[in-house]
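Here the structure comes first, spelled out in C-alpha coordinates, and everything after it is commentary.
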Protein chains: 2
Amino acid sequence: MRDILTNGQFRVNGSLWLEGNGTRFFGPGPVELLQRIEETGSINQAAKKMGMSYKKAWEIVNRLNEIVGSPLVVTATGGEKGGGSSISDDAKQLIEWYLSLRERFRKFMEEESLKLTV
Amino acid sequence: MRDILTNGQFRVNGSLWLEGNGTRFFGPGPVELLQRIEETGSINQAAKKMGMSYKKAWEIVNRLNEIVGSPLVVTATGGEKGGGSSISDDAKQLIEWYLSLRERFRKFMEEESLKLTV
DNA sequence: AAGCGTTATGTACGCAAAGATATAACGTGA
DNA sequence: TCACGTTATATCTTTGCGTACATAACGCTT
(Lines give C-alpha, C1' and ligand atoms only; values in the text may rest on other atoms or scores of the structure.)
Protein backbone atom coordinates (compact mmCIF):
# COMPACT_ATOMS: atom_id res chain seq x y z
CA MET A 1 0.00 0.00 0.00
CA ARG A 2 2.60 2.44 1.14
CA ASP A 3 3.77 2.61 -2.45
CA ILE A 4 0.74 1.77 -4.52
CA LEU A 5 -2.32 3.53 -3.21
CA THR A 6 -0.91 6.47 -1.29
CA ASN A 7 -1.94 9.12 -3.78
CA GLY A 8 -5.28 10.29 -2.48
CA GLN A 9 -7.41 9.11 -5.38
CA PHE A 10 -8.28 5.77 -3.76
CA ARG A 11 -10.76 5.05 -1.03
CA VAL A 12 -12.57 2.20 0.67
CA ASN A 13 -16.28 1.90 0.12
CA GLY A 14 -18.83 -0.77 0.83
CA SER A 15 -22.37 -1.82 1.51
CA LEU A 16 -24.18 -3.30 4.49
CA TRP A 17 -27.39 -5.24 4.65
CA LEU A 18 -29.46 -7.50 6.82
CA GLU A 19 -29.95 -11.17 6.05
CA GLY A 20 -32.75 -13.41 7.16
CA ASN A 21 -32.28 -17.16 6.69
CA GLY A 22 -29.42 -16.57 4.29
CA THR A 23 -30.98 -14.12 1.88
CA ARG A 24 -30.38 -10.40 1.77
CA PHE A 25 -33.54 -8.44 2.32
CA PHE A 26 -32.79 -5.15 4.04
CA GLY A 27 -30.28 -2.62 2.75
CA PRO A 28 -30.04 0.95 1.47
CA GLY A 29 -32.80 0.51 -1.10
CA PRO A 30 -35.53 -0.81 1.20
CA VAL A 31 -34.55 1.74 3.85
CA GLU A 32 -35.08 4.63 1.47
CA LEU A 33 -38.29 3.08 0.21
CA LEU A 34 -39.69 2.83 3.73
CA GLN A 35 -38.74 6.44 4.36
CA ARG A 36 -40.48 7.59 1.21
CA ILE A 37 -43.58 5.59 2.05
CA GLU A 38 -43.63 7.28 5.44
CA GLU A 39 -43.31 10.67 3.75
CA THR A 40 -45.88 10.19 1.02
CA GLY A 41 -48.28 7.68 2.53
CA SER A 42 -48.22 5.71 -0.71
CA ILE A 43 -46.14 2.93 -2.21
CA ASN A 44 -46.93 4.34 -5.62
CA GLN A 45 -45.61 7.84 -4.95
CA ALA A 46 -42.65 6.50 -3.01
CA ALA A 47 -41.67 4.40 -5.98
CA LYS A 48 -41.97 7.33 -8.35
CA LYS A 49 -39.79 9.49 -6.13
CA MET A 50 -37.12 6.82 -6.30
CA GLY A 51 -37.42 6.35 -10.04
CA MET A 52 -38.57 2.81 -9.39
CA SER A 53 -41.49 0.91 -10.89
CA TYR A 54 -44.46 0.29 -8.64
CA LYS A 55 -44.10 -3.41 -9.18
CA LYS A 56 -40.53 -3.45 -7.91
CA ALA A 57 -41.48 -1.36 -4.90
CA TRP A 58 -44.39 -3.61 -4.08
CA GLU A 59 -42.20 -6.69 -4.31
CA ILE A 60 -39.73 -5.17 -1.88
CA VAL A 61 -42.50 -4.30 0.54
CA ASN A 62 -43.96 -7.75 0.18
CA ARG A 63 -40.66 -9.47 0.91
CA LEU A 64 -40.01 -7.24 3.88
CA ASN A 65 -43.33 -8.16 5.42
CA GLU A 66 -42.77 -11.82 4.64
CA ILE A 67 -39.30 -12.19 6.11
CA VAL A 68 -39.79 -10.03 9.17
CA GLY A 69 -42.63 -11.52 11.14
CA SER A 70 -44.48 -8.32 11.93
CA PRO A 71 -45.75 -6.18 9.04
CA LEU A 72 -43.46 -3.22 8.38
CA VAL A 73 -45.81 -1.66 5.87
CA VAL A 74 -49.54 -1.71 6.31
CA THR A 75 -51.61 -1.06 3.22
CA ALA A 76 -55.21 -0.18 2.50
CA THR A 77 -57.19 -0.19 -0.75
CA GLY A 78 -60.03 2.15 -1.47
CA GLY A 79 -61.13 4.97 0.78
CA GLU A 80 -60.71 8.69 0.84
CA LYS A 81 -57.59 8.94 -1.26
CA GLY A 82 -58.03 5.66 -3.02
CA GLY A 83 -56.04 3.85 -0.39
CA GLY A 84 -52.51 4.23 0.84
CA SER A 85 -49.76 2.79 2.97
CA SER A 86 -47.96 3.62 6.18
CA ILE A 87 -45.07 2.08 8.03
CA SER A 88 -45.29 0.45 11.43
CA ASP A 89 -43.41 1.41 14.58
CA ASP A 90 -41.27 -1.67 14.05
CA ALA A 91 -40.30 -0.29 10.66
CA LYS A 92 -39.35 3.04 12.21
CA GLN A 93 -37.19 1.24 14.76
CA LEU A 94 -35.60 -0.78 12.01
CA ILE A 95 -34.77 2.36 10.03
CA GLU A 96 -33.25 4.01 13.09
CA TRP A 97 -31.17 0.94 13.79
CA TYR A 98 -29.92 0.74 10.22
CA LEU A 99 -29.01 4.41 10.06
CA SER A 100 -26.95 4.18 13.25
CA LEU A 101 -25.31 1.03 11.95
CA ARG A 102 -24.51 2.77 8.71
CA GLU A 103 -22.96 5.63 10.61
CA ARG A 104 -20.64 3.27 12.46
CA PHE A 105 -19.86 1.64 9.13
CA ARG A 106 -19.11 5.00 7.58
CA LYS A 107 -16.57 5.72 10.30
CA PHE A 108 -15.03 2.30 9.84
CA MET A 109 -14.54 2.94 6.13
CA GLU A 110 -13.29 6.43 6.74
CA GLU A 111 -10.61 5.17 9.07
CA GLU A 112 -9.59 2.49 6.61
CA SER A 113 -9.44 5.00 3.79
CA LEU A 114 -7.29 7.27 5.92
CA LYS A 115 -4.77 4.48 6.37
CA LEU A 116 -4.26 4.52 2.62
CA THR A 117 -3.08 8.10 2.55
CA VAL A 118 -0.43 7.64 5.23
CA MET B 1 -34.59 -4.33 17.36
CA ARG B 2 -35.07 -5.59 20.82
CA ASP B 3 -38.41 -6.94 19.72
CA ILE B 4 -38.09 -7.54 16.01
CA LEU B 5 -34.80 -9.17 15.18
CA THR B 6 -33.79 -10.87 18.40
CA ASN B 7 -34.50 -14.39 17.23
CA GLY B 8 -31.14 -15.56 15.94
CA GLN B 9 -32.13 -15.97 12.30
CA PHE B 10 -30.97 -12.48 11.31
CA ARG B 11 -27.45 -11.27 10.74
CA VAL B 12 -25.53 -8.36 9.31
CA ASN B 13 -23.55 -8.95 6.16
CA GLY B 14 -21.83 -6.70 3.67
CA SER B 15 -19.21 -6.13 1.05
CA LEU B 16 -16.10 -3.97 0.85
CA TRP B 17 -14.22 -2.71 -2.15
CA LEU B 18 -11.67 -0.21 -3.30
CA GLU B 19 -12.58 2.75 -5.47
CA GLY B 20 -10.33 4.74 -7.75
CA ASN B 21 -11.64 8.06 -9.07
CA GLY B 22 -15.17 7.13 -8.10
CA THR B 23 -15.50 3.70 -9.69
CA ARG B 24 -15.29 0.38 -7.91
CA PHE B 25 -12.47 -1.76 -9.19
CA PHE B 26 -11.10 -3.97 -6.44
CA GLY B 27 -13.25 -6.34 -4.40
CA PRO B 28 -13.70 -10.02 -3.60
CA GLY B 29 -13.84 -11.07 -7.25
CA PRO B 30 -10.61 -9.45 -8.43
CA VAL B 31 -8.84 -10.61 -5.27
CA GLU B 32 -9.72 -14.22 -5.92
CA LEU B 33 -8.82 -13.83 -9.57
CA LEU B 34 -5.36 -12.54 -8.72
CA GLN B 35 -4.86 -15.39 -6.31
CA ARG B 36 -5.83 -17.94 -8.93
CA ILE B 37 -3.54 -16.34 -11.48
CA GLU B 38 -0.72 -16.60 -8.99
CA GLU B 39 -1.55 -20.27 -8.43
CA THR B 40 -1.94 -21.32 -12.03
CA GLY B 41 0.27 -18.87 -13.90
CA SER B 42 -2.51 -18.30 -16.41
CA ILE B 43 -5.46 -15.97 -16.76
CA ASN B 44 -7.19 -18.68 -18.74
CA GLN B 45 -6.94 -21.38 -16.08
CA ALA B 46 -7.69 -18.93 -13.31
CA ALA B 47 -10.90 -17.96 -15.06
CA LYS B 48 -11.90 -21.59 -15.52
CA LYS B 49 -11.31 -22.34 -11.84
CA MET B 50 -13.67 -19.52 -10.97
CA GLY B 51 -16.30 -20.55 -13.51
CA MET B 52 -15.73 -17.29 -15.30
CA SER B 53 -15.24 -16.62 -18.99
CA TYR B 54 -11.74 -15.73 -20.12
CA LYS B 55 -12.98 -12.48 -21.55
CA LYS B 56 -14.44 -11.34 -18.26
CA ALA B 57 -11.26 -12.29 -16.45
CA TRP B 58 -9.15 -10.43 -18.96
CA GLU B 59 -11.33 -7.35 -18.64
CA ILE B 60 -10.88 -7.36 -14.88
CA VAL B 61 -7.14 -7.72 -15.24
CA ASN B 62 -7.07 -4.97 -17.81
CA ARG B 63 -9.01 -2.57 -15.62
CA LEU B 64 -6.84 -3.35 -12.64
CA ASN B 65 -3.71 -2.51 -14.56
CA GLU B 66 -5.30 0.60 -15.96
CA ILE B 67 -6.58 2.09 -12.72
CA VAL B 68 -3.63 1.20 -10.55
CA GLY B 69 -0.58 2.81 -12.07
CA SER B 70 1.79 -0.12 -11.78
CA PRO B 71 0.89 -3.38 -13.55
CA LEU B 72 -0.56 -5.91 -11.13
CA VAL B 73 -0.60 -8.71 -13.69
CA VAL B 74 2.19 -9.12 -16.20
CA THR B 75 1.36 -11.26 -19.22
CA ALA B 76 3.31 -12.96 -21.97
CA THR B 77 2.19 -14.49 -25.27
CA GLY B 78 3.92 -17.39 -26.93
CA GLY B 79 6.80 -19.35 -25.48
CA GLU B 80 7.26 -22.65 -23.77
CA LYS B 81 3.75 -23.09 -22.48
CA GLY B 82 2.13 -20.81 -24.99
CA GLY B 83 2.46 -17.85 -22.71
CA GLY B 84 1.15 -17.10 -19.26
CA SER B 85 0.67 -14.52 -16.57
CA SER B 86 2.02 -13.74 -13.14
CA ILE B 87 1.18 -11.16 -10.53
CA SER B 88 3.53 -8.42 -9.38
CA ASP B 89 4.79 -7.78 -5.86
CA ASP B 90 2.44 -4.83 -5.74
CA ALA B 91 -0.43 -7.20 -6.42
CA LYS B 92 0.68 -9.47 -3.58
CA GLN B 93 0.82 -6.50 -1.24
CA LEU B 94 -2.63 -5.43 -2.38
CA ILE B 95 -4.05 -8.88 -1.71
CA GLU B 96 -2.52 -8.98 1.75
CA TRP B 97 -3.91 -5.56 2.54
CA TYR B 98 -7.38 -6.50 1.36
CA LEU B 99 -7.42 -9.75 3.33
CA SER B 100 -6.49 -7.97 6.54
CA LEU B 101 -9.10 -5.31 5.83
CA ARG B 102 -11.69 -7.98 5.25
CA GLU B 103 -10.79 -9.59 8.54
CA ARG B 104 -11.36 -6.34 10.38
CA PHE B 105 -14.62 -5.97 8.48
CA ARG B 106 -15.66 -9.47 9.43
CA LYS B 107 -15.17 -8.67 13.09
CA PHE B 108 -17.13 -5.45 12.68
CA MET B 109 -20.07 -7.33 11.20
CA GLU B 110 -19.82 -10.08 13.77
CA GLU B 111 -20.07 -7.55 16.60
CA GLU B 112 -23.03 -5.87 14.94
CA SER B 113 -24.76 -9.18 14.41
CA LEU B 114 -24.20 -10.05 18.05
CA LYS B 115 -26.01 -6.90 19.10
CA LEU B 116 -29.09 -8.26 17.39
CA THR B 117 -29.28 -11.34 19.57
CA VAL B 118 -29.10 -9.42 22.85
C1' DA C 1 7.05 -26.23 -40.88
C1' DA C 2 3.63 -27.55 -37.94
C1' DG C 3 1.52 -27.79 -33.32
C1' DC C 4 0.52 -26.16 -28.90
C1' DG C 5 -1.59 -23.10 -25.18
C1' DT C 6 -1.76 -18.70 -24.18
C1' DT C 7 -2.97 -13.63 -24.66
C1' DA C 8 -5.86 -10.34 -27.03
C1' DT C 9 -10.11 -8.83 -29.32
C1' DG C 10 -14.52 -8.64 -31.81
C1' DT C 11 -19.19 -10.35 -32.47
C1' DA C 12 -23.29 -12.93 -31.66
C1' DC C 13 -26.49 -15.27 -28.46
C1' DG C 14 -29.20 -16.21 -24.03
C1' DC C 15 -31.06 -15.26 -20.02
C1' DA C 16 -32.52 -13.13 -16.00
C1' DA C 17 -33.80 -8.84 -14.05
C1' DA C 18 -36.26 -4.68 -14.68
C1' DG C 19 -39.64 -1.92 -16.83
C1' DA C 20 -44.00 -1.08 -19.32
C1' DT C 21 -48.64 -2.09 -19.82
C1' DA C 22 -53.24 -3.84 -18.69
C1' DT C 23 -56.78 -5.05 -15.51
C1' DA C 24 -59.46 -5.95 -11.34
C1' DA C 25 -60.91 -4.69 -6.69
C1' DC C 26 -61.52 -1.52 -3.12
C1' DG C 27 -63.90 2.31 -0.43
C1' DT C 28 -64.82 7.15 0.06
C1' DG C 29 -66.88 11.39 -1.87
C1' DA C 30 -69.46 13.90 -5.23
C1' DT D 1 -73.96 5.49 -9.51
C1' DC D 2 -69.88 7.16 -11.11
C1' DA D 3 -65.08 8.98 -10.60
C1' DC D 4 -60.83 8.74 -8.34
C1' DG D 5 -56.26 7.03 -6.69
C1' DT D 6 -54.55 3.35 -4.68
C1' DT D 7 -53.23 -1.69 -3.93
C1' DA D 8 -52.56 -6.11 -6.11
C1' DT D 9 -51.38 -9.12 -9.93
C1' DA D 10 -50.52 -11.06 -14.55
C1' DT D 11 -48.30 -10.67 -18.94
C1' DC D 12 -45.44 -8.80 -22.44
C1' DT D 13 -41.39 -6.28 -23.84
C1' DT D 14 -36.91 -4.52 -23.26
C1' DT D 15 -32.39 -4.11 -21.71
C1' DG D 16 -27.94 -5.11 -19.82
C1' DC D 17 -24.54 -8.49 -18.58
C1' DG D 18 -22.11 -12.54 -19.17
C1' DT D 19 -21.11 -16.41 -21.92
C1' DA D 20 -20.00 -18.70 -26.06
C1' DC D 21 -17.74 -18.66 -30.20
C1' DA D 22 -14.43 -17.21 -33.70
C1' DT D 23 -10.01 -15.43 -34.99
C1' DA D 24 -5.33 -13.58 -34.95
C1' DA D 25 -0.67 -13.19 -33.04
C1' DC D 26 2.93 -14.93 -30.36
C1' DG D 27 7.08 -17.83 -29.29
C1' DC D 28 8.88 -22.14 -27.87
C1' DT D 29 9.08 -27.29 -28.97
C1' DT D 30 9.22 -31.05 -31.95
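The structure presented is a predicted model; accordingly, all values stated were derived computationally and were not measured.
Neither OP1 nor OP2 of dT7(D) sits under 4.0 Å from any side-chain N or O of W58(A). For the pair S85(B) and dT7(C), the criterion of a side-chain N or O lying under 4.0 Å from OP1 or OP2 is met. Applying the 4.0 Å criterion to OP1 and OP2 of dG5(C), one finds that S42(B) has every side-chain N and O outside that range.
Using a 4.5 Å cut-off on side-chain heavy atoms (C-beta onward), L101(B) and K115(A) make no contact. Counting only heavy atoms from C-beta outward, the side chains of L72(A) and D90(A) approach each other to under 4.5 Å. Using a 4.5 Å cut-off on side-chain heavy atoms (C-beta onward), R104(B) and K107(B) make no contact.
Using bins of under 30°, 30° to 60° and over 60° for the plane-to-plane angle, the ring pair F26(A)/Y98(A) lands in the perpendicular bin.
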For this session: Show your working on side chain to side chain contact (heavy atoms under 4.5 Å, CB included) between I95(B) and I87(B) and close with a plain yes or no.
Result: CA-CA 11 Å; I95(B) 292 173; I87(B) 72 175; 4.0 Å; yes
For this session: Evaluate the criterion side chain to side chain contact (heavy atoms under 4.5 Å, CB included) for residue pair N13(B) and M109(B); output intermediate values, then yes/no.
Result: CA-CA 6 Å; N13(B) 205 351; M109(B) 291 190 296; 3.8 Å; yes
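Across the protein-nucleic acid pair, K48(A) atom NZ and dG19(C) atom P stand 14 Å apart, rounded to whole Å. Going from atom CG of N62(A) over to atom P of dT6(D) covers 20 Å, rounded to whole Å. Atom-to-atom, CD1 of I60(A) to P of dA17(C) comes out at 14 Å; the value is rounded to the nearest Å. Note: CD (Q45(B)) to C1' (dT7(C)) measures 13 Å, nearest angstrom.
For the atom pair I37(B) CD1 and Q45(B) CD, the distance stands at 11.0 Å (nearest 0.5 Å). Taking OG from S86(A) and CG from L34(A), the interatomic distance works out to 11.0 Å, rounded to the nearest 0.5 Å. Taking OG of S88(A) as the reference point, atom CG of N65(A) lies at 8.0 Å (rounded to 0.5 Å).
Axis orientation changes by 20° from one end of the helix from dA1(C)-dT30(D) to dA30(C)-dT1(D) to the other, with each end axis drawn from 5 pairs and the value rounded to 10°.
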Seminar exercise, completed: 5' to 3', nucleotides 14-30 of chain D under a 4.0 Å protein heavy-atom cut-off (B base, S sugar-phosphate only, - none) gives ----SSB-----BBS--
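When distances are taken from the side chain of T75(A) to each of dT7(D), dT7(C), dT6(C), the shortest belongs to dT7(D).
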